[in-house]
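The structure appears right after this line, and notes come after that.
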There are 2 protein chains.
Amino acid sequence: MEDQEIRNAGLKVTAPRVKILELLENSDERHVSAEDVYKMLLAANEDIGLATVYRVLTQFEEAGLVEKHHFEDGYSVFELNKGKHHDHIVCITCGRVEEFVDETIEQRQQKIADELGFQISEHDLVIYGKCMDDNCDRKG
Amino acid sequence: MEDQEIRNAGLKVTAPRVKILELLENSDERHVSAEDVYKMLLAANEDIGLATVYRVLTQFEEAGLVEKHHFEDGYSVFELNKGKHHDHIVCITCGRVEEFVDETIEQRQQKIADELGFQISEHDLVIYGKCMDDNCDRKG
DNA sequence: CCAATAGATGAGAAGCTTTTGCATTCACTC
DNA sequence: GAGTGAATGCAAAAGCTTCTCATCTATTGG
């Protein structure tokens with residue numbers, strides 16, 4: 001049940017929070033923007049304001065339920081925190097996002113951070129490129 | 001002379017363009033925002049509008065004179081293109097940016113991109129962490 | 001089960017960075 | 001040096017996100 005997750009986060013169990021969490025858990029698309037969530041809610045006939053979507057997503061992030069990423073698009077995307085760490089590769093043309101994990105890179109990153117005096121607490125690595133998808137022109 | 005670089009980029013040699021390029025070349029800070037540039041121009045008693053700063057920086061980027069990065073701050077930063085590729089590690093607290101190059105990571109990235117069907121034409125890798133700088137609290 | 005209260009919500013306004021429209025000004029060509 | 005197309009400054013607008021505030025609701029205790 002989503003209720004408990006929300007309660008554990010120290011938040012009241014309200015309709016918007018439950019609906020948004022359900023949505024994130026059932027969405028085909030793992031990486032969604034606040035606007036995406038808002039549109040999905042409208043499509044599901046839920047009367048939830050965009051401001052609330054932003055507020056709830058931010059609270060979920062603070063509670064560790066979701067992760068927020070910026071990428072180079074001008075807006076933020078959120079994804080359900082699945083516990084295991086992973087990095088992202090983002091298509092600069094169509095916005096497609098793939099996840100990956102590479103132990104070698106992890107280790108090198110750690111080494112570089114150590115050398116430069118950085119503590120990778122909020123670990124977040126993004127590669128940007130161009131994907132070879134057939135319909136790689138506009139987001140779809 | 002900056003004039004030739006600007007001319008080579010297919011742009012008219014105007015005061016704003018020369019001033020901004022000079023500024024980028026002489027600034028202590030390699031990674032500056034449009035706002036930073038604008039403020040530096042004001043400080044130098046140059047009467048150049050913010051819109052022009054954005055336009056010029058964008059043109060410089062298209063011409064390959066500078067590189068633009070977003071990082072997770074809400075605004076973009078620009079740096080003079082020094083030709084040699086490098087990646088960035090950014091402090092999520094104070095915004096400090098360090099550059100690094102790691103051949104192993106380069107190779108692994110290439111491999112990952114290949115496997116996932118991405119072509120790394122616009123190569124851009126960013127690590128986010130927390131730096132251990134003494135005055136790591138607010139940008140400065 | 002109801003009242004009290006701290007917190008949550010919706011709608012719109014506001015904030016920030018970046019872009020655009022337009023009249024004026026300027027760099028380059030002849 | 002005049003003509004022309006590009007460049008500039010200003011203000012307005014756009015796009016994403018946050019804030020304000022009056023209203024409403026989940027939770028707690030009686």
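So that the names make sense, note that chain A is the first sequence line, chain B the second, and so on, each numbered from 1.
- Place B/S76 and B/T14 on DNA chain C by their nearest nucleotides, and B/S76 ends up nearer the 5' end.
- One can place CZ of B/F60 at 11 Å from P of D/dA7, the figure rounded to the nearest angstrom.
- Note on B/S33: nothing from the nucleic acid sits closer than 4.0 angstrom, heavy atoms only.
- We find that CG of A/D47 is positioned 14 Å from C1' of C/dA8, with the value rounded to whole Å.
- Between the OH atom of A/Y38 and the C1' atom of D/dG15 there is a distance of 15 Å, rounded to whole Å.
- Considering only side-chain N and O atoms, B/Y54 lies under 4.0 angstrom from the phosphate OP1 or OP2 of C/dT18.
- Residues A/I89 and B/I105 share a single hydrophobic cluster, defined by chaining ILVMFWY side chains whose heavy atoms lie under 4.5 Å apart.
- Comparing B/K12 and B/L50 along DNA chain D, the residue whose closest nucleotide (by nearest heavy atom) sits nearer the 5' end is B/K12.
- Here the side chains of B/F60 and B/L11 are in contact, with some heavy-atom distance below 4.5 Å.
- Both A/V13 and A/L24 belong to a common hydrophobic cluster when Ile, Leu, Val, Met, Phe, Trp and Tyr are linked at side-chain heavy-atom distances under 4.5 angstrom.
- Nearer the 5' end of DNA chain C, as judged by each residue's closest nucleotide, is the contact made by A/R55, out of A/R55 and B/A15.
- Taking the six-membered ring for Trp and thresholds of 30 and 60 degrees, A/H31 and A/H88 have ring planes more than 60 degrees apart, a perpendicular arrangement.
- Between B/G49 and A/A34, the residue whose closest nucleotide on DNA chain D is further toward the 5' end is B/G49.
- Using a 4.0 Å heavy-atom cutoff across all strands shown, A/R17 reaches sugar-phosphate atoms only and no base atom.
- As judged by a 4.0 angstrom heavy-atom cut-off over every strand, A/I48 is placed among residues touching the sugar-phosphate backbone only.
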